[in-house]
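Here is the structure we will look at.
Here is how names work: the chains are called A, B, and so on, in the same order as the sequence lines, proteins then strands, and each is numbered from 1.
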Amino acid sequence: MSVDDTRLHAMRHSLAHITAAAVKRLWPKAKFGIGPVIENGYYYDFELDHTLSVEDFPRIEAEMQKIIKESQPFEYFELTINEAIKWAKEENQPYKLELLNDLKRAGTTSIKELDTNELGLSTSENKIDNVSFYKNGDFTDLCRGPHLEHTGQAGAFKLQKISGAYWRGKNTNTQMQRLYGVAFTTAKELKQYLHVVEEAKLRDHRKIGTELGIFMFSDLVGAGLPLWMPAGEQIKHTLTEYMREKEEAQGYKYVSTPVLAHETLYQRSGHTAYYAEDMYSFKDNEGNRFYLKAMSCPHHHMIYERLVKSYRDLPLRLAEPGTIYRNELSGTLTGLIRVRGAITQNDAHIYVTSDQLKAEFLRVLELFKEVYEQVGITDYWYRLSLPDFENKKFAGARDVWEKASQLIREALDEFGAKYVEAEGEAAFYGPKLDVQTRNTLGKEDSIATNQIDVLVPERMGLKYINAKGEEEAPFIIHRAILGSYERFIGFLLEKTAGKLPIWLAPEQIRFITVNQEIETITFTEQIMNEAQDLGLRISVDNANESVGKKIRSAELMKIPYIVVIGEQEIKSKQLNPRIRKDLEVSLNHEALEVDVFLKTVANETKSKTSRSSL
RNA sequence: GCCGGCAUAGCUCAGUUGGCAGAGCAACGGUUUUGUAAACCGUGGGUCGUGGGUUCAAGUCCCUCUGCCGGCUCCA
């Protein structure tokens, strides 16, 4: 961290204390949780006898301003752990008391470390004697610091939102009220940030998807079940075909498996043990329990069993735009990013020998890079998702997991990509490489994944005969380059603000007639026939409206090419395409022969290189 | 699932302390035959998300359910 960052961090953290101090003045019985710094600001958790709402914000902010005006020094002091516990009891602060008791017992307040300790691991070196406090005015908080010298140095801030949050992140604990604030050094930076947030809301895929007629939800169909409208289905179809072409060129074999499976399949794969409650299931009228497919892996494994006998059959790459359904908690559903069903995964399973594993893993990374370059997505990063070895939240042999993790690291180094490691994010069957991005509002999510399965082949008894004539279990790479088509389109809409590259645009050219004369209609129809023969997606607007109005409506639909047709065009047999501003295409606004124009657009569609300049 | 907020015409939204449900856009009809981001005039359209309750009277107050939004938890 730079000096400035450290200062900003201290300022935000000090504002968390100032917020807490203000809340305490307004609701003296407040019980305090924790108040850390987060990206762009901070939060503080409270338990209050009053339910906070945005209507309280002006009052709290006014109180904070008073505290800032008072320039209260942040005074540091230490207490012995027992004195501190006495303080928490006297102040009637049960949450602080819990933290102090953990410090006393285990030397840490980290839930993860505490869990580790409960597994009986050594803690003796963690014992601490003193804990630190900061006091400003009449507000004292258990705190590691650092802080500003005094409250008067606080920068520009704004209370942002209020939400519920489980104490210490455990859903069995009580839920506290979490007050979020944003804070910057200067008022100008704060204003800029708030402006960026407002702009981002305009790019929300839910807004764009509605405006462009891409998808919709219906209360009658139910939550988390998107309905794809014609424009959206066109995008999905184009992407699916695109991926199929890429994957088949890489030796993937497409398969198709049913959306139901008898429970024995998921029992054998081990999924029921982990996810039974998260899969939709029912009993048929003969008493058999079926699950709605929540992942395609076990189905593909059955095909593997039928196809593979020998090491000579490997690698086997099975791909499927697999449609799956997951019983997500209703509160987590968000547009296309988190849905319950009809998730179409860009799924594939690659069955390999241990010798082939790394090379195949690298091939996936290369395909990934190629695809993301072509669709024009650049802001993502790699996350190596590892198990949490300390908490033993993984199944199988530790050394195999470590080997697989190491193999991913080596592959990434060879591939030349940087990555972050994340403990506890692995799949139950192995470590994985996730591709992370942020949505328009800054929330992180995975868009792609490349996983090594070190567990299921063994568990399901998948085998092949190796060169020595012995039975051996393959490794499986589970990979989804576009993740799911639904989520991917969601991110694509946000990153492009709906201005899709020509090859993906549901409508590529719109013809706008100047009048409704028979010559105009006939001429337009001729051009449209020709365009359709070239496979272009087009439409005509010959409504009895002004040209300006029809252009406006086509622009709002983010259509790449708009072509006005009237007397001039009929006479000259030349078109003057109006090109969407963000597009970097070979055409400019010059008049062109009809043939030349249509063929050029058809080529742009094919090449998939005419990317938006966004 | 949990905490909090929200739900009025196809869309975006007004609707005062409970007292006859509104605007713009869209749609439809007419006039207009239009040249690169909104022509003009008119018409129709809502059991105010659902079910219940309080009241002389409910869009407005209370409860239920459903859905949406922001978080938390979860995410194979």
| said: What does the 5'-to-3' dot-bracket notation of RNA chain B look like when only Watson-Crick and G-U wobble pairs under 3.5 Å count, and pairs to other strands show as |? | reply: (((((((..((((.....[..)))).(((((.......))))).....(.(((..]....))).))))))))....
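- Remark: A/T210 pairs with no residue by the side-chain contact (heavy atoms from CB on, under 4.5 Å) rule, at least two apart or across chains.
- Here A/T520 pairs with A/T513, A/N515, A/E517, A/T524, A/I565, A/I570 under the side-chain contact (heavy atoms from CB on, under 4.5 Å) rule; sequence neighbours left out.
- Within residues 212-232 of chain A, the residues that place at least one heavy atom under 4.0 Å from RNA chain B are, in residue-number order, A/D219, A/A223, A/G224.
- For RNA chain B, the outermost nucleotides in 5' to 3' order that have an atom under 4.0 Å from a heavy atom of chain A are B/rG1 to B/rA76.
- In the region residues 322-332 of chain A, proximity to RNA chain B at under 4.0 angstrom, judged on heavy atoms, holds for A/R326, A/L329, A/S330, A/G331, A/T332.
- Residues passing the ring-ring contact (aromatic ring centres under 6.0 Å, His included) test with A/Y280, sequence neighbours excluded: none.
- With sequence neighbours left out, the side-chain contact (heavy atoms from CB on, under 4.5 Å) criterion links A/V596 to A/L592, A/E593, A/T600.
- Residues satisfying the side-chain hydrogen bond (donor to acceptor under 3.5 Å, both in side chains) criterion with A/R510, sequence neighbours excluded, are A/E507, A/S539.
- For the segment residues 506-517 of chain A, the set of residues with a heavy atom within less than 4.0 Å of an atom of RNA chain B comprises A/V514, A/N515, A/Q516, A/E517, in numerical order.
- Applying the side-chain contact (heavy atoms from CB on, under 4.5 Å) test to A/N171 and every residue at least two apart in sequence or in another chain returns A/Y166.
- Partners of A/E567 according to the side-chain hydrogen bond (donor to acceptor under 3.5 Å, both in side chains) rule, which considers only residues two or more places apart in sequence or in another chain, do not exist here.
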